Amino acid sequence: MSGYDAAALLAQIADIGTDPRRGGYTRHVFDAAERTLREWFVASAEGLGLTVHVDRNANLWAWWGEPGNDAVVTGSHLDSVPGGGAHDGPLGVVSALAAVDRLQREGFAPTRPVAVVVFAEEEGSRFGMACLGSRLLTGAISAQRAGGLRDEHGTLFADAARAASFPDFGVDREALGRIGVFVELHVEQGKGLIDLGAPVAVGSTILEHGRWRIEVRGRGDHAGTTALADRRDPMLPAAAAVIAARRAALARHDARATIGRIHPVPGGTNVIASRVSAWLDVRAGSAADTRAIVDEVIAEVAEAARREGCEATVIEESYSGEVRFDPMLRDRLARRLGDAPILPTGAGHDAGILAAHVPTAMLFVRNPSGISHAPEEGADDDAVSAGVDALVATIRELA
Ligand code: GLV
Ligand code: MN
Ligand code: MN
């Protein structure tokens, strides 16, 4: 077995960014773990004879041969959600390295440039904007807006990027112009492949999705001495948002709405908060449903805020329309992979951002629990090897 076996590569990074408090991994853009992963990627790619460049947006590109236009690009990301699993992102990166290694050992000579890419800040876990590296690259977010994003400590993306030697972030037409086709392999974040009894699927669509920040202002006070009638507790409208999100999503086919992050200020057990921020994540099959869910949550928060004497505002932090991956590429790959099943997903990906610019496809690899964004996320060894086989076949087909 080569050192570039996907499971062996995952094992090499298994200790990087472990989170003893939450479990799983916390790897956020430009933190110590993510920087170590970048170094690991550069060394691993160079070990295959690839030439690594980093672009102005901190995305890493490992070229097999000379960088050039009309390239076949594959890869994913190395950052994680807080307390995330080992596979979301890294599986696509290690599978890409393993596939290149296999093709080299088989003597395959690509007729197009081939590159392995690692996109920065895919999860948006530090600066709040998912797929920040690919959005900057494609111009889906302006440098000005990105520069003004702040992490939970108040650090501006502009300052963090400058400190990491990326002062000149922004749309990168040269890097985008080189991509002829992009294929992202990713662990499946659901149970579709378990139900189908198959190890690998080709992606069809990504649900419409977005993030909204709900800010409720009330009045801080004493939990023991303040009569209930005298309170202006911002936690009540925030709680109304949690319930409304579930109710509104349940009323629509294939919709999801989640509040997974809530931040009371100052955050004391015996303190009525003066302010609460809550982040709403909504995904649905149509813009109409997505917007209707958000509108219902906003209406219920406003009503709860009125009853409690609080003020509420809702800010849209990001929005991504439905993605339909290139149907010709999708069908071509599914055929090449022995009539692999075709599956939609509710998860966002850099592939979804690139799909607006270049022919793009995704390969999903079976996850035995279906769980993702949690330490229990997994992929069984057979499925991981089948994923590398699929990526090898894909690169042979396209390059
Ligand atoms: C990224 O994984 C997302 O779907 O939020
Ligand atoms: Mn993810
Ligand atoms: Mn991912």
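All values reported here derive from a predicted model rather than from experimental measurement. All ligand and atom numbering here is 1-based and tracks the order in the structure.
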Using 30° and 60° as the class boundaries, would you call the ring planes of Phe30 and Phe157 parallel, tilted or perpendicular? parallel

More than 12 non-hydrogen atoms from neighbouring residues, nucleotides or ligands closer than 6.0 Å to [atom1] on [X], yes or no?
X      : atom1 : answer
Arg173 : CZ    : no
Arg396 : CZ    : yes
Glu174 : CD    : no

Which pair of heavy atoms, one from Ala33 and one from Gly17, lies closest together, and at what distance? CB-CA, 3.5 Å

Separation of Phe325 CZ from Thr205 OG1 (nearest 0.5 Å): 8.0 Å

Quick check for you: to the nearest 0.5 Å, what is the distance between Leu132 atom CG and Leu137 atom CG? 11.0 Å

N-O pairing of Arg56 and Asp172 below 4.0 Å: no

Name the residues with a heavy atom less than 4.0 Å from ligand 1? Glu123, Arg283, Ala347, Gly348, His373

Measuring from the Mn ion (ligand 3), name the closest N, O or S atom belonging to His186. NE2

What protein N/O/S atoms lie closer than 2.8 Å to the Mn ion (ligand 2)? Asp88 OD2, Glu123 OE1, Glu123 OE2, His373 NE2

With Asp326, which of Arg330, Met328, Arg324 fulfils side chain to side chain contact (heavy atoms under 4.5 Å, CB included)? Met328

Assess the residue pair Glu39 and Arg35 against the criterion (salt bridge (charged side-chain N to carboxylate O under 4.0 Å, His left out)); give the C-alpha distance rounded to whole Å, side-chain angles, the decisive distance to 0.1 Å, and a yes or no. CA-CA 6 Å; Glu39 287 162 16; Arg35 287 201 309 270; 5.8 Å; no

